[in-house]
Amino acid sequence: MYKLLKTDGNAKRGELTTVHGTIQTPVFMNVGTVAAIKGAVSTEDLVQIKTQVQLSNTYHLHVRPGDHIIKQLGGLHKFMVWDKPILTDSGGFQVFSLAGLRKIKEEGVYFSSHIDGRKIFMGPEESMQIQSNLASTIAMAFDECPSSKLDRAYLQDSVDRTTRWLQRCKDEMKRLNSLEETINKKQMLFGINQGAIFKDIRIEHAKKISEFDLDGYAIGGLAVGESHEEMYHVIEETVPYLPKDKPTYLMGVGTPANILEAVERGVDFFDCVYPSRNGRHGHLYTNQGKINLFNAKFELDSRPIEEGCQCPTCTRYSRAYIRHLLKAKEMLGMRLCVLHNLYFYNTMMEEIRNALDAGDFTSYKKQKIQGMTENT
RNA sequence: GGAUGGAUUCCCGAGUGGCCAAAGGGGACAGACUGUAAAUCUGCUGCAGAUUGCUUCGGAGGUUCGAAUCCUCCUCCAUCCA
């Protein structure tokens with residue numbers, strides 16, 4: 001159940017109540033694709049760094065350890081010891097990222113496993129069954145995330161197919177949620193808008209999926225090669241055609257600035273691998289921009305990553321020490337960096353919510369973006 | 001004291017007359033990454049007034065049109081014999 005608490009222009013401040021608790025939005029979902037946030041981050045850590053929702057992946061957990069195993073162990077929440085909301089992505093992004101290892105048909109997608117090459121078929125029904133076995137809080141509809149380089153004709157076909165798949169997802173989820181053996185009978189379903197940067201395809205698709213009466217609506221297929229301006233434009237054009245009384249989720253995005261721009265345009269859910277992956281690679285987010293701790297200039301820097309930051313990393317460790325850990329390839333280095341970056345993102349979302357509550361989002365956004373671009 | 005094998009660019013290490021500023025690896029330095037095939041990948045690593053010039057392969061001489069590569073002596077290292 002989504003409740004719109006306040007608006008500021010197009011920006012929305014809301015909350016989504018689920019069987020696993022209430023999510024305050026706008027929110028950033030911390031990405032743990034294989035039921036783990038890479039970089040040795042525990043669920044206890046996640047609580048400490050203000051994580052509200054975790055994201056896991058249908059395709060990856062189906063391949064390993066197998067959704068039936070997770071179901072037998074009581075579902076994803078019990079498996080990974082996390083009682084707050086979990087959103088599972090449907091496998092649709094793997095249609096994009098594993099482009100060399102799959103074939104798309106009307107019935108679904110044939111993958112060659114990236115682990116051992118075995119054939120895997122995933123259609124809308126399979127994706128829903130897997131997500132039901134995982135018993136996530138929110139399931140994503142199975143879509144095709146198309147490359148931004150594809151032509152209009154292909155995009156139209158692809159989007160039409162994604163709409164047909166959405167109907168099948170909805171029907172299958174309804175069936176699964178009514179089964180006695182289903183762990184989470186109140187699993188939510190979010191649909192996904194596609195259309196690359198073709199405005200009319202996006203809008204037509206947004207209108208169509210809005211008729212499905214889903215729990216939320218995502219904008220997918222962005223940040224896959226198009227410019228920031230094109231992305232912001234698509235969001236601006238599409239959001240007005242999605243239900244205002246439902247949460248809007250911009251999939252896979254993005255940089256802190258991307259998020260601020262998208263919140264302003266009415267988005268309330270985000271996820272991105274940036275804070276975790278960049279953390280592992282030594283790129284740290286600060287209010288003065290991004291720094292690369294591998295750089296020699298931090299060799300003797302005894303300051304924390306960010307002065308005043310209350311994260312578990314900055315309250316103890318210096319840039320010089322973390323740089324040493326990273327260069328020595330010690331796991332602790334990556335862990336400390338990922339913790340800081342996720343804390344930075346989660347804290348920024350908290351600030352965004354506070355600013356929306358206080359009615360001064362516009363000035364908050366302006367000052368935040370300005371600070372981050374000053375030194376870079 | 002004798003015998004043999006070695007000494008190569010920051011490190012390890014290939015190269016035994018020209019295609020060698022010198023393979024490959026490591027390290028160093030820098031960059032990329034947006035619903036995670038990512039603890040990954042890419043670039044760069046003698047100097048400069050930089051599509052050319054200069055200096056480099058333990059040291060000093062020599063042979064040759066041309067030497068990291070061949071010869072002589074020297075220094076140091078390793079192993080073995082006294």
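A, B, ... follow the sequence lines: proteins, then strands. Residue 1 opens every chain.
There is no side-chain donor-acceptor pair under 3.5 Å between N177(A) and K186(A). A donor atom on one side chain and an acceptor atom on the other are found under 3.5 Å apart for S136(A) and Q187(A). A donor and an acceptor atom, one from each side chain of D160(A) and T163(A), are nowhere located under 3.5 Å apart.
Spacing between atom CD1 of I259(A) and atom C1' of G35(B) amounts to 13 Å, rounded to whole angstrom units. Between the C1' atom of G31(B) and the CZ atom of F294(A) lies a distance of 13 Å, rounded to the nearest Å. Look at CG on L326(A): it is 12 Å from P on A28(B), rounded to the nearest Å. Atom CG in L339(A) sits about 16 Å away from atom P in A39(B), given to the nearest Å. The distance from atom CG of N278(A) to atom P of C41(B) is 17 Å, rounded to the nearest whole Å. In this structure, E299(A) atom CD and A30(B) atom P are separated by 10 Å, rounded to whole Å.
Residues T17(A) and M188(A) share a closest heavy-atom pair of O-CE, 3.3 Å. Across all non-hydrogen atoms, the minimal contact from N278(A) to Y285(A) is ND2-OH, 2.9 Å.
The gap from the C1' atom of A68(B) to that of C20(B) amounts to 9 Å, rounded to the nearest Å. Here, C10(B) and G49(B) have their C1' atoms 27 Å apart, quoted to the whole Å. When the C1' atom is used for both U42(B) and U55(B), the distance is 31 Å, rounded to whole Å. Nucleotides A38(B) and U45(B), compared at atom P, are 30 Å apart to the nearest Å. Comparing U72(B) with U4(B), their P atoms sit 13 Å apart, to the nearest whole Å. Of the C1' atoms belonging to U69(B) and G6(B), the separation is 15 Å, rounded to the nearest Å. U79(B) and C73(B) have their C1' atoms separated by 24 Å, with the value rounded to a whole Å. If you take atom P in G66(B) and the same atom in C19(B), they sit 15 Å apart, rounded to whole Å.
In this structure, of U36(B), A32(B), A28(B), it is U36(B) that holds the atom nearest to the side chain of K38(A). Of the candidate nucleotides G35(B), G27(B), U34(B), G27(B) has the atom lying nearest to any side-chain atom of K329(A). The listed nucleotides are U34(B), G35(B), U36(B); the one nearest the side chain of Y274(A) is U34(B). Which of A32(B), U36(B), U34(B) sits closest to the side chain of S276(A) comes down to U36(B). Closest approach to the H283(A) side chain among G35(B), A38(B), C33(B) is made by C33(B) (side chain taken as heavy atoms from C-beta onward).
Shown here is R316(A), whose CZ atom has no more than 12 heavy atoms of other residues, nucleotides or ligands within 6.0 Å. Counting non-hydrogen atoms of neighbouring residues, nucleotides and ligands closer than 6.0 angstrom, the OH atom of Y241(A) reaches no more than 12 such neighbours.
Using a 4.0 Å cut-off, some side-chain N or O of N295(A) falls inside it from OP1 or OP2 of G31(B). Taking 4.0 angstrom as the limit, N292(A) places none of its side-chain polar atoms (N or O) nearer than this to OP1 or OP2 of A30(B). Residue R323(A) places at least one side-chain N or O under 4.0 Å from the OP1 or OP2 atom of C29(B).
Base pairing analysis places U4(B) opposite A78(B); the two distances defining the Watson-Crick or G-U wobble pair are each below 3.5 Å. Pair assignment for C57(B) gives none, since no Watson-Crick or G-U wobble pairing has each distance under 3.5 Å. Using Watson-Crick or G-U wobble geometry with both donor-acceptor distances under 3.5 Å, C20(B) finds no partner in any strand shown. Across all strands shown, A32(B) forms a Watson-Crick or G-U wobble pair, both distances under 3.5 Å, with U40(B). The partner of U9(B) cannot be assigned: no Watson-Crick or G-U wobble pair with both contacts below 3.5 Å exists in any strand.
Taken residue by residue, residues 221-231 of chain A places heavy atoms nearer than 4.0 Å to RNA chain B at G221(A), A223(A), H228(A). For the segment residues 93-122 of chain A, the set of residues with a heavy atom within less than 4.0 Å of an atom of RNA chain B comprises F93(A), Q94(A), S97(A), L98(A), L101(A), H114(A), in numerical order.
Side-chain atoms of Q310(A) come within 3.5 Å of backbone N or O of G308(A) as a donor-acceptor pair.
In terms of polar N and O atoms assigned as donor or acceptor, the side chain of Q194(A) comes within less than 3.5 Å of the base of G35(B) in a complementary pairing. At a cut-off of 3.5 angstrom, counting only N and O atoms as typed in the model, there is no donor on one side facing an acceptor on the other between the side-chain of R280(A) and the base of A39(B).
A salt bridge does not link E172(A) with R168(A): every distance from a Lys NZ or Arg NE/NH1/NH2 to an Asp or Glu carboxylate oxygen is 4.0 Å or more.
If you find the closest nucleotide of RNA chain B to M331(A) and to M251(A), the one lying nearer the 5' end belongs to M251(A). Heavy-atom distances to RNA chain B give each of G39(A) and V31(A) a nearest nucleotide, and the one nearer the 5′ end belongs to V31(A).
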_Is there a side-chain contact (heavy atoms from CB on, under 4.5 Å) between T43(A) and Q54(A)? Walk through the geometry before answering._
CA-CA 10 Å; T43(A) 45; Q54(A) 277 203 73; 4.0 Å; yes

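Contacts of D89(A) with the nucleic acid, taken as non-hydrogen atoms under 4.0 Å apart, include base atoms.
Aromatic ring pairs are classed by plane angle as parallel below 30°, tilted from 30° to 60° and perpendicular above 60°; the pair F111(A) and Y59(A) is tilted. Using a 30° and 60° split on the angle between ring planes, H228(A) and Y232(A) fall in the tilted class, from 30° to 60°.
Stacking between H281(A) and U40(B) is present: the aromatic ring centre lies within less than 5.5 angstrom of the base six-membered ring centre, and the two planes differ by under 30 degrees.
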